[in-house]
Chemist: 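Just dropping this structure here.
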Amino acid sequence: MMMWALAILFLVMWSPSGCAQKKSFPSDPHAMETKSPLNLSEEEWRRKLSPEQFHILREKGTERPFTGKFYLHKEKGVYCCAGCGQELFTHEMKFHSPCGWPSFDREIPGDRILKKPDYSFGMVRTEILCARCGGHLGHIFNDGPTETGLRYCVNSLSLDFKKED
Ligand SMILES: [Zn+2]
């Protein structure tokens, strides 16, 4: 009887939610475990996310520029996917961009972000998605001002933030 209670407690405590995953950057050998694809139904995503987050992450929406909570955000820590908690960027990768969205010049290594051609709205762009849950993050451009030349333009609503201790 006791064993069952313990097993259930373990399962409940272990289920990942939001940004609550164990910190795994830069060199956690178990980091691979968090990379298994997360496939939820539309109904499950609607329950998990706010309506605004659902629109951005699952319907590839875009928040209005200059409105996102992380646009002017400067705290030290890790930005992770708002859908599944996978760590994507650190504060060191963020730079201020006049475009109006949080911008990063590189990603945490480990194929955490998928890039996909996007021909919507009569433009040719490259969409970026979380490799774990397929959530839409934003777009990547080749006009970044730092040495990488890259600009990951990301919706604040696609991100959660874990402050550095
Ligand atoms: Zn994700």
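All of these numbers come straight from a predicted model, not from anything done at the bench. We count ligands from 1, going down the list as the structure has it; atoms in each ligand are counted the same way.
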Chemist: May I ask you to determine how many protein N/O/S atoms are under 2.8 Å from the Zn ion (ligand 1)?
Modeler: 4

Chemist: Test: salt bridge (charged side-chain N to carboxylate O under 4.0 Å, His left out). Region: residues 49-58. Which pairs qualify, not counting sequence neighbours?
Modeler: none

Chemist: When you measure from the side chain of R132 to the backbone N and O of C84, does any donor-acceptor pair fall under 3.5 Å?
Modeler: yes

Chemist: Under 3.5 Å, side chain of R112 to main-chain N/O of E87, donor-acceptor pair present?
Modeler: yes

Chemist: Yes or no on ring-ring contact (aromatic ring centres under 6.0 Å, His included) for H96 and Y71, after CA distance, side-chain angles and deciding distance?
Modeler: CA-CA 8 Å; H96 180 75; Y71 175 52; 5.3 Å; yes

Chemist: Enter the distance from F104:CZ to L88:CG here, rounded to the nearest 0.5 Å.
Modeler: 8.5 Å

Chemist: Answer yes if the ring centres of H73 and Y79 are under 6.0 angstrom apart, and no otherwise.
Modeler: yes

